[in-house]
Amino acid sequence: MVYDLLAEVAELEVEYVTDDEFDEDLLEKLAQESLEREQVAAAEQASEEGKQQDEVVATAAVVDEEAAVVAEEDVAVIEEEAASVEEEVVVAEEEIEPVKS
């Protein structure tokens with residue numbers, strides 16, 4: 001209400017007063033600090049990405065080792081089964097009586 005009254009009857013003029021001059025050195029200092037912060041942030045991000053990549057490589061190496069162990073175990077099982085089948089064949093051949101004609 002008071003503001004409405006002032007807006008209607010008051011004769012207001014805007015006067016811009018600047019006591020400070022443009023400080024180029026301050027602006028350059030602020031720009032330099034900003035660049036330094038950006039560089040630190042980029043370095044931290046690159047470091048984090050490098051750590052993640054190292055973890056992926058390490059995990060892949062473990063998986064490769066485990067796959068090799070499983071493959072060796074599979075080969076051993078297959079060889080045992082093959083030997084067992086060969087023994088069964090030999091026993092079966094011994095049990096077969098020749099056909100007399």
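If you're wondering where the values come from, they're calculated on a predicted model, not measured in any experiment.
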Only pairs under 3.5 Å count here: list side-chain donor-acceptor contacts from residues 28-40, not counting sequence neighbours, and write none if there are none.
none

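- Counting only distance, with no hydrogens or angles, the side chain of Thr59 and the backbone of Glu55 share a donor-acceptor pair below 3.5 Å.
- Hydrophobic cluster membership of Leu5, counting Ile, Leu, Val, Met, Phe, Trp and Tyr whose side-chain heavy atoms lie under 4.5 Å apart directly or via other members: Val9.
- Here the CD atom belonging to Glu81 is positioned 8.0 Å from the OG atom belonging to Ser84, to the nearest 0.5 angstrom.
- Grouped by direct or indirect side-chain proximity (heavy atoms under 4.5 Å, Ile/Leu/Val/Met/Phe/Trp/Tyr only), Val63 sits alone.
- With a 4.5 Å cut-off between side-chain heavy atoms of Ile, Leu, Val, Met, Phe, Trp and Tyr, the cluster of Val70 takes in none.
- The other residues sharing a hydrophobic cluster with Leu6 are Val2, where clustering joins ILVMFWY side chains under 4.5 Å apart.
- The distance from atom NZ of Lys51 to atom CG of Asp54, rounded to the nearest 0.5 Å, is 10.0 Å.
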